[in-house]
Each structure stands twice: as C-alpha cells, then as structure tokens.
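Quick notes on the structure that follows.
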Amino acid sequence: MLKVYNSLTRRLEQFEPLHEGFVGIYVCGPTVYGHSHVGHAKSYVSFDAVVRYLRFLGYRVRYVQNITDVGHLTDDADAGEDKVDVKARQMGVAPMEVAQLYTRSYFEDMDALNVQRPDISPCASGHIPEQIALIRKLVDGGHAYEVDGAVYFDVQSFPEYGRLSGRNLDELLEGTRVEARGDKRHPADFALWKKSEPGHIMRWDSPWGVGYPGWHIECSAMSMAYLGETFDIHGGGIENIFPHHEDEIAQAEAATGQQFVRYWLHNNMVTVDGQKMGKSLGNFITLKDAFAGRPPLDTPIRPMVMRYFILTSHYRSPLDFSMGALEAAGKGLERIENAVRRVRESLRGTVEGAPSGQIQQLLDETREKFLAEMDNDFNTAGAIGEMSAFTREVNRLMDEGDAVTRDGLEAVNQLYEQLGGQVLGIVTDESGRAVESAGIESDLVDAMLEVREDLRKAGHYELADGVRRRLSKLGVQVKDSADGPTWRFKKGAPS
RNA sequence: GGCGGCGUAGCCAAGUGGACCAAGGCAACGGUUUGCAAAACCGUCAUUCACGGGUUCGAAUCCCGUCGCCGCCUCCA
C-alpha cells in the first residue's frame, strides 16, 4: 500500500489516484537558459524513481514536465528581465535558439542519468493560447485585472491563498521583501501577463496588447491541458512552494472552482559543503562539468554513480554534495555491479535445477522489504539498503557454490533487473558487461596477459606485477583466479 | 520578524511509539581466499539516537524547553 507525503496536508497519506489505475503527474521542469546542474539531477532523478515505481505498481502513468522557455524573469514577478531573453542577447542569437540548445543539453544529461523521458514535455512558448485563455477566464471571473497592458492576479479574491506555504496575506504584507507596487492592488498580486516593451524580443498578441506570459501561469495552463482540471500528483523543488506553486493553485482553482492537485510532492535541495547550491551564490556544479571531471570537482563522476548517490538519500532530505560522499557511493554501486556481472557471467555453465529453498527465501524476503521501503513515500535509500544486503547474500551463496542452480541465478538476475533496473534504474544491461572495446585493443590485452601468465608460471612475479600495474594505469583491471586471469576496462576511467 | 525543516557511529545515510540493546554504504581493524594484488565472504565497529525535561506499560520516533545548523518569505530543481 503506497503512502506519500503530501505537502498540502503535511502528512503521510495513502495514495489513491483520481481514476483507478491511472496516474497523472506533473513536475516543474527546467528553465532552459543554461546547462543543468546537480540540483536538477536530484530533482529529476527523484521524480524518475517516483514515476518508475508507480509504473511498476501497474498504474498507467502520464508524466508531464514543462520546459520553460519564456516568462521566467531574473527578478520577482513584475520586475526583472526574461532569463532566456537576456541569454539570447548575450549570445547574440534568437531566444528560441537558446531554448533549443539548453533543452537538448538538458535531455542529454538526463539520458546519461538514466532518467526516463516525460511522456509530454510542453514548452511555454508553444502554449500561449492556452495561457491567454486561462488568464481571460480569471479576468472574467473577477480574479485578475488589467493595468496598462499587464494583467495581475488578485490574491484577495482567492481566500485560500497561502494554504500550501502556510502564509496569510497579512504576513505577506509585512514581509520585508514584498514591496508595494503602484499598479498592483495588493503587494502579493502577481503577473499573469506582461507587456512587451519595444526592445523586447519575445512578444505575442493578446487581448491586452503585445506581451508575454508570466512564469507561473504556464504550469497551471499546461498541466490542466494535458491532465485535466484536477489531477493526482504535482512535484517540484521545495523552493518553489512559494510563490510558484502557491500561485499555480490560485490561478487554477480560481479559474475552475475545483481542486487543482491532490498530492503535492516536494523534493529537497542540494547543498555544497552545507550551503545551498544556487545560481546567485555561484557555487553550482553543472552536470556536464561533473561528468567530464572539470572544476570544481576535477574528478569525472560517472552518471550512474551520481544517480545512485542521489537515491541513497530520501528525496525530502537535503543532499550534501562532497567528493568523499560520491566516492563512497561509487564503491557501493560497484559492489552491486560486480555481483550483477558475476551472476550474469555464471548463467552459462551452471547446473540445471530449480532455485534452492535458500535462494527462494532470499528472493522473497528481499522483494517484500524492498517494496515496503518504496511504499513508504518512495524511500529509495531504504530500498538501496535492501539491494546491498541482497548483494552480500548473493555473493555469499555463490562463494559457497552449492546452492546456486541455473534457475536460481535466473531468478536472482531477474530481481536485479526488476528492482534494481526497472524501479531504481541503477542496474542496466551495461552493469553486467565490460566496457566495449574496439577489437584490436582486446586482442592486445589478451596477448599481454598470455605473456604475463608465462612469467608467472616461471616465477617472475615482479615482472608479472609490473605488467598488471601498467595495464591498470591504462584502465584495464586484471583479476587472477584459479581458472586463469580475467580483465575488464575500469568504469569511469578516462579513456 | 513570519513559515518550514534538520541534528542518528570517523564519514554518508535509512529508521511511519513496541520484532531498534538502530538498515545499508564508505573508512578502519582482525580473519578466510590469493605468490602478491583485485574481487568476494566472515568477524569487530552507536547499550545509543544534539542536550534537558515530560507523556506512555514502552520513544530515535509524540510534547515542551535549550543549543547548533539549514531552507523559504527575491530568481532558483
């Protein structure tokens, strides 16, 4: 029985979708004016696990995640410039070129992290009519007003305003950072539509003149366009609770008179050395830099290690980024990968036979505990713990050698593929395979190892060890065993 | 100032009042295996959950207080 923590009620609730067997989920996507960073990774890996698990449970899921390519300002909702617009001017290209460039970059990084693509990735600029229609509905209903080509949402017309974030309008009035604006009725009123000044590159016709949409409106408009006026899950970063999600609720519910979202899920932030990683702080790490080993990390982080690292903490907990923690995660993942490889390689050449009682019991217990962890608000950290414990047992049984039959190994492999692969996305077809190499390289390594074997047989261990050291530096890990040496290209090694 | 969260072993990190004298990973130490490595396994590693009270038959888990850290109230995943 799946339970999820709902930010709206601040408690763990039993999850029941609006329509049986179907789940509609919307997650706030990136604003595409720069490369993605590890904060994006945490958010989208976390929600990827959520979606994967819902699908594993048998739900038909429609996953919508927007791409913000217009309307997100560098400052608050009625000052500042459009982020994409600013970047376009800096680069000397059209805004849509900026958006396309970083949209591709985003998906590239997410693919590397084994994040499954959303079913629908609507961009704000492609849904201007939907946004205008929603704004018009709000104006007609008395929830929004026009001032000189701009339209603002009237927060005082929506008594529920502040419920999600635990605020009330009086407090907002006293807030140090919300300043009164001449053209707004209440300082907390926010822009639905902005007037394009003459120099502004992005401009669309609207009933209020030439302009562009505010940032919050796209999410209300697009989520309802694809998921209906009421849908199951809305996810996003905790920092977006106010004002972004609060405003989304206000816009949607004031327009439809119905509940907008049933379950609000919020993931916590990434910190670096205990400090929030933020654009304004200048301490953010892009995924491309991290994967390539460029500063500030200087060591290449394998994307799958990043994914594993993220999933070893709960999505609602903050995650502190450090090289030490990443290295530990890398070792932990490798242990699982080694076991997967060992199991897959042993599949041939094992005796026929049904799984032993021991194996069967291990499989049953692991599955049960794993699912219990995931049922508890998608506790991937606990679930990975179960995978690790399972891995130790698998290795132990294989070391002992007697209890493992072909069918037993098949079942073990299947559990890895289902729980580690399908659900967590940390086990893939690659996990059990050595890094591919162009033919001649493999042959050369084989040739060197043959020579090395001769050296070993002749007792020239220093020379043999030297060969092994040299190969290791080249990224080839050699393992001696009773049946002769085996080798593989190390993962994550510069090649 | 208002709202919210966190503080669990050397480090990272689960833990929804009772099977917790607290998962899992990393590190460390001892051992098995190995020519040596690597990999893997076995054992040791928090009688205790920031601190002080309280509620309860029972608390890491609930309540109050203290200290420390963090986030939101501007843009941010």
Side-chain angles (χ1 to χ4, degrees), chain A residues 3 5 7 10-12 27-31 36-44 46-47 72-77 79-80 83 162 165-168 170-172 174-179 215 235-244 266-271 274-281 284 308-309 312-314 316-320 322 324-336 338-339 342 369 373 375-377 379-389 391-400 456 459 461-462 464-465 468-469 472 477-482 486:
Chain A
K3 290 192 202 153
Y5 182 85
S7 304
R10 292 174 197 188
R11 64 182 57 173
L12 215 52
V27 173
C28 285
T31 300
S36 304
H37 50 68
V38 297
H40 293 103
K42 174 165 163 68
S43 184
Y44 300 122
S46 297
F47 285 111
H72 202 164
L73 306 184
T74 54
D75 213 314
D76 71 34
K83 289 177 169 180
S165 55
R167 279 154 230 261
N168 62 55
D170 296 339
E171 282 167 4
L172 284 168
E174 290 159 16
T176 51
R177 288 171 171 178
V178 180
E179 290 166 28
W215 173 39
I238 205 170
E239 80 285 358
N240 279 330
I241 290 177
F242 190 90
H244 186 56
H266 288 101
N267 69 281
N268 217 311
M269 316 285 289
V270 168
T271 57
Q275 285 287 306
K276 175 188 168 175
M277 193 188 74
K279 299 244 161 86
S280 51
L281 292 170
F284 65 95
Y308 176 90
F309 175 59
T312 53
S313 80
H314 190 95
R316 282 192 287 115
S317 303
L319 180 65
D320 194 46
S322 70
L326 274 168
E327 276 164 21
K331 296 258 179 73
L333 174 60
E334 254 176 67
R335 215 166 67 79
I336 292 174
N338 287 342
R342 186 179 180 189
K369 288 181 187 164
E373 295 289 1
D375 273 344
N376 181 23
D377 196 27
N379 188 354
T380 54
I384 283 182
E386 293 308 326
M387 290 304 290
S388 295
T391 293
R392 188 181 55 235
E393 289 304 303
V394 167
N395 273 318
R396 194 173 60 76
L397 292 171
M398 288 187 77
D399 280 354
E400 288 170 2
R456 291 181 69 209
Y461 289 119
E462 324 78 54
D465 290 351
R468 189 171 58 197
R469 269 198 305 277
S472 176
Q477 182 167 67
V478 176
K479 262 165 54 170
D480 292 323
S481 75
T486 61

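We use all heavy atoms of the structure for the numbers below, so side chains are in, but hydrogens, waters and symmetry mates are not. To find a chain, count down the sequence lines: A is the first, B the second, and so on, and within it residues start at 1.
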*Within the structure shown, what part of the strands sits under 4.0 Å from A:Met387 by heavy-atom distance: base, sugar-phosphate, or nothing?*
nothing
*Hey, does A:Tyr44 reach any base, or is it just sugar-phosphate, or nothing, if we go heavy atoms under 4.0 Å?*
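Sugar-phosphate only.
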*Closer to the 5' end of RNA chain B via nearest nucleotide, is it A:Ser165 or A:Cys28?*
A:Ser165
_Those residues that, when tested against A:Ser322, pass side-chain hydrogen bond (donor to acceptor under 3.5 Å, both in side chains) (two or more places apart)_ = none
_Partner set under side-chain hydrogen bond (donor to acceptor under 3.5 Å, both in side chains) for A:Ser46, not counting sequence neighbours_ =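 Per chain and number, A:Ser46 pairs via side-chain hydrogen bond (donor to acceptor under 3.5 Å, both in side chains) with no residue.
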Kindly write out the residues that satisfy salt bridge (charged side-chain N to carboxylate O under 4.0 Å, His left out) with [X], not counting sequence neighbours, or none if the list is empty.
X        : answer
A:Asp320 : none
A:Asp480 : A:Arg452, A:Arg456, A:Arg468
A:Glu239 : none

Please list, pair by pair, any protein nitrogen or oxygen found under 3.5 Å from a nitrogen or oxygen in nucleotides 59-61 of chain B.
none

*asked:* Tell me every residue that passes side chain to side chain contact (heavy atoms under 4.5 Å, CB included) with A:Pro243, counting only those two or more places apart in sequence or in another chain.
replied: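 Checked A:Pro243 against side chain to side chain contact (heavy atoms under 4.5 Å, CB included); matches are A:His216, A:Asp247.
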*Give a yes/no on whether any side-chain N or O of A:Arg167 is located under 4.0 angstrom from OP1 or OP2 of B:G2.*
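For A:Arg167, the contact criterion (side-chain N or O under 4.0 Å from OP1 or OP2 of B:G2) is not met.
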_Nucleotide-level pairing of RNA chain B, given in dot-bracket where Watson-Crick and G-U pairs need both distances under 3.5 Å and | marks other strands_ = (((((((..(((.....[.....))).(((((.......))))).....(((((..]....))))))))))))....
Could you run down the sub-3.5 Å N/O contacts of the protein with nucleotides 41-44 of chain B?
from	atom 1	to	atom 2	distance (Å)
B:C41	OP1	A:Arg335	NH1	2.9
B:C41	OP1	A:Asn395	ND2	3.4
B:C41	O4'	A:Asp399	OD2	3.1

*Could you tell me which residues satisfy ring pair (Phe, Tyr, Trp, His ring centres under 6.0 Å) with A:Phe309, sequence neighbours excluded, listed by chain and number?*
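In terms of ring pair (Phe, Tyr, Trp, His ring centres under 6.0 Å), with neighbours along the sequence ignored, A:Phe309 is linked to A:Phe321.
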*Among the nucleotides B:A77, B:C73, B:A40, which one has an atom lying closest to any side-chain atom of A:Asn338?*
B:A40
*Where along nucleotides 27-36 of chain B does protein come under 4.0 Å, by heavy atom, of base (B) or sugar-phosphate alone (S), with - for untouched nucleotides?*
S-------BB
*How would nucleotides 12-19 of chain B be written as a contact map, 5' to 3', with B for base contact, S for sugar-phosphate-only contact and - for no contact, using protein heavy atoms under 4.0 Å?*
-SSSB---
